[in-house]
Protein chains: 2
Amino acid sequence: MPRRRITQADVAAMAGVSQATVSFVLNDRLPAGVHISAETRQRVLDAIRITGYSANPVAQRLAGGRNQIIGVFTYEATFPGGGRDFYGPFLVGIEHAAEQLGIDILLFTSARVVDGRRRLTRDGWQRLGIADGCLLLGQHEDRSELQHLLDTNYPFAFIGKRTSEGGRLPYVGADYVAATRHAVERLIALGHQRIGYVGELGTDQPTLDRLDGYRSTMHDAGLSSRLVTEEDPAATAAAAVDQGLTALVVAPERDAEELYDALLLRGLTVPGDVSLLLLGQPQRRLRRPQEWSGFAIPREEMGARALQLLSRLIANQDLPEQDQHQLLDCAVVEGRTVAPPRDRTAPGDDAALAPGAPQSRAQTTP
Amino acid sequence: MPRRRITQADVAAMAGVSQATVSFVLNDRLPAGVHISAETRQRVLDAIRITGYSANPVAQRLAGGRNQIIGVFTYEATFPGGGRDFYGPFLVGIEHAAEQLGIDILLFTSARVVDGRRRLTRDGWQRLGIADGCLLLGQHEDRSELQHLLDTNYPFAFIGKRTSEGGRLPYVGADYVAATRHAVERLIALGHQRIGYVGELGTDQPTLDRLDGYRSTMHDAGLSSRLVTEEDPAATAAAAVDQGLTALVVAPERDAEELYDALLLRGLTVPGDVSLLLLGQPQRRLRRPQEWSGFAIPREEMGARALQLLSRLIANQDLPEQDQHQLLDCAVVEGRTVAPPRDRTAPGDDAALAPGAPQSRAQTTP
DNA sequence: GCCCGATAATAATGCGCATAATCCCCTTGT
DNA sequence: ACAAGGGGATTATGCGCATTATTATCGGGC
């Protein structure tokens, strides 16, 4: 173990060539007009092996090269509210892909948090430059920040579908439309007709997609959409009762567990009287995630795929459209909160319950 | 938003000074012989504010400065076996502290994995140089790698107690000795006398500390130690029965849940016939962590404290001994797998169960 | 009147690498 | 015999910053 780190100059000296030659051999790319003979090339490679040289990533980067570091930026401040449960799986996927690609991950934890979201201001921009590119995570991205990324041609990719900026934003997302569609179809197949959508009418992409999936599926089935937008779980439960809904698809931003409790309080059983279907996974950890019927976002795979996408963006200049915008399927979660509607069978007819459905109310609590 | 990034030279031009002067003002440190007047200083500061300058971390680092990046290196390959569940909390703590200190985190996911553990070879060393310092995580560190770190005076800190290298290794660990001592005392206070230690006799620090805590506490109480080192859960259960043990303290490397099942298979109830106490937290996620009596390693706090320690190591040259070696207390987990020994009460006397202990075998399964 | 020291700042250098610009030599065509 | 061209490499430059060495000015002490 030498005291001073070995540089290209050291390798060059040993091989009897110039530092530039070493750099050319390493990058295996001859910038038009430069020629290296096979023999020289081999001498350099030998010297590299003998000295155990490896490039200094800092210098590499400063000189305008790549350094195999990819940044991860989360718009949401991760910690308040245990967002780690939600974002963790993405990171796991990212790390997994990084390991395979021989890439290091830089977490931009230093970015200032303003109004509960991280901002990419002044030093933020500079810090991005450490990495070859950056993965962006979270809902509330900032338009001007995006514009800057595009302007500077800095490689980046989103985790989560993005349609703004004229489709110029590369992303790997989850197919909420199809998943929601599938969920609603599942309820319809069981015989439900009065199916409500519980959630707020935001303009974020997941919400738009879920609403799209819900509305179009209901429409195709000749059923009418019923949106329940009450904030309060008790009010939601009341609305469901008033409208005689037999099933609810619930946006994960809503407190599903509290809705469940509110329904029980009103004397309704789940899924006996009302079926509940969760459209995704909430930020908060559920007490018994497996019990909830719904679908699961393939978060680990999204992370891994996003890193791979970004890696290719960095290598190639441009990718075919279908690679830049990837939508992954969500896995169906069977769960125990879905059953045929009561009104199609004799009241109290337990045979109508889904297979394996629990018999007592206490055990049903997901 | 300027197209080209603003450099110290830009700031210098605006303030009508030299680039070096800007650097001096920024670092607020005058290297003996250099003087900056208050007026000039202010002009530079103004220019910095106006231009929105912020340092390029890459250049900073290349020039031998600090760049507010701290590396995290995990010896164990994180993924196989869901180590994320175990290492995740450390990372959460690290991130939390990083956020407060304005530091970015670099995960060395690129380090080659050999024999299931990451190695800090060739390019590993170079890559460490990106960061101001590095946190080391995991059991199986390599002596020669450590030596290199010490030789090169590279700032680092361990998460987890380290006694090798003559106490020259800074760490933040969990106080396994005290926690185990406390656990055993808890059993003794309940009336247990035949208390066994289940686990292998490794030479890793946690094992040594747990054994130390166990042995010394037993000795102090005038009881004799009984080590059960069988690999197989069934064999362990058999040994426990043969020796008439009424309580087992279990190293988390052992499959506690399978031991539990094996005891049930032999007709013993937990905690009715045998109390179980888990000495820490297993890598694998338990089915019902809260049910297990034992103690919890303050992993988030360890991560945070380690980052703070490292940050201070980087800033100051040397720290007082008690700051370099920190042991944090483990939290007692009440759980439901501990009760007074059967032989002190009438057989079948349920009053001997811990308060709130479940009545049926099925529900007792943690 | 001159040297010394303190003050105030600048020029110069190097970190390790990528890359543009340049140079040398040998072959080929005319 | 000489220009043209291309293979084979080198030298030079700059990335943005920290730091060392150097320059310039001014006020006192003798």
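All values reported here derive from a predicted model rather than from experimental measurement. Residue numbers begin at 1 in each chain, while the letters A, B, ... track the order of the sequences.
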Quiz item: Counting distance only, does the side-chain N/O of R61(B) pair as donor-acceptor with the main-chain N or O of G129(B) below 3.5 Å?
Solution: yes
Quiz item: Touch check for S23(A), heavy atoms < 4.0 angstrom, all strands: base, sugar-phosphate only, or nothing?
Solution: base
Exercise. Select base, sugar-phosphate, or nothing to describe what A55(B) touches, counting heavy atoms under 4.0 Å on all strands.
Key: sugar-phosphate
Practice problem: Would you tell me if any nitrogen or oxygen in the side chain of N27(B) comes within less than 4.0 Å of OP1 or OP2 on dA18(D)? | Solution: yes
Between the protein and nucleotides 10-13 of chain D, list every N/O to N/O distance that falls short of 3.5 Å.
residue, atom, partner, partner atom, Å
dT10(D), OP1, S18(A), N, 3.0
dT10(D), OP2, S18(A), N, 3.2
dT10(D), OP2, S18(A), OG, 2.8
dT10(D), OP2, T21(A), OG1, 2.2

Practice problem: Could I get the full list of salt bridge (charged side-chain N to carboxylate O under 4.0 Å, His left out) partners for D142(A), not counting sequence neighbours? | Solution: R117(A), R119(A)
Quiz prompt | Sequence-distant partners of R143(B), salt bridge (charged side-chain N to carboxylate O under 4.0 Å, His left out), two or more places apart | solution = E165(B)
Whole-Å distance separating the [atom1] atom of [X] from the [atom2] atom of [N]:
X      : N       : atom1 : atom2 : answer
L62(A) : dA18(D) : CG    : C1'   : 13 Å
R61(B) : dC17(D) : CZ    : P     : 16 Å
H35(B) : dA21(D) : NE2   : C1'   : 14 Å

Quiz item: Taking 5' to 3' order, which nucleotide of DNA chain C is first and which is last to have an atom within less than 4.0 Å of a heavy atom in chain B?
Solution: dT7(C) to dG16(C)
Exercise. Could you say whether A59(A) or P31(B) is positioned toward the 5' end of DNA chain D, judged by the nucleotide with the nearest heavy atom to each?
Key: A59(A)
Quiz item: Quick one: on DNA chain D, does G33(B) or G65(B) contact a more 5' nucleotide (nearest heavy atom)?
Solution: G65(B)
Residues two or more places apart in sequence or in another chain: which of them pass side-chain contact (heavy atoms from CB on, under 4.5 Å) with [X]?
X       : result
I50(B)  : M14(B)
R162(A) : E141(A), F158(A), L169(A), Y171(A)
A55(B)  : Y53(B), Q60(B)
E321(B) : H325(B)

Exercise. Please list, chain by chain and in numerical order, all residues satisfying ring pair (Phe, Tyr, Trp, His ring centres under 6.0 Å) with Y75(B), sequence neighbours excluded.
Key: F73(B)
Practice problem: In plain terms, say whether E99(A) and R118(B) are close enough for a salt bridge, that is, a side-chain N and a carboxylate O under 4.0 Å apart. | Solution: yes
Quiz prompt | Electrostatic pair R43(A)-D46(A), nearest N-O below 4.0 angstrom | solution = no
Quiz item: To 10°, what angle do the rotation axes through the five end pairs on each side of the helix from dG1(C)-dC30(D) to dT30(C)-dA1(D) form?
Solution: 80°
Self-check item: Residue pairs, two or more places apart or on separate chains, that pass side-chain hydrogen bond (donor to acceptor under 3.5 Å, both in side chains) and touch residues 15-27 of chain B
Solution: Q8(B)-Q19(B), S18(B)-T21(B)
Quiz item: When rounded to the nearest 0.5 angstrom, what distance separates CG in L136(B) from CZ in F108(B)?
Solution: 9.5 Å
Practice problem: Specify the residues of residues 38-50 of chain A, ordered by number, for which at least one heavy atom lies under 4.0 angstrom from an atom of DNA chain D. | Solution: T40(A)
Quiz item: Would the number of heavy atoms belonging to other residues, nucleotides or ligands and lying under 6.0 Å from CD of E39(A) be above 12?
Solution: no
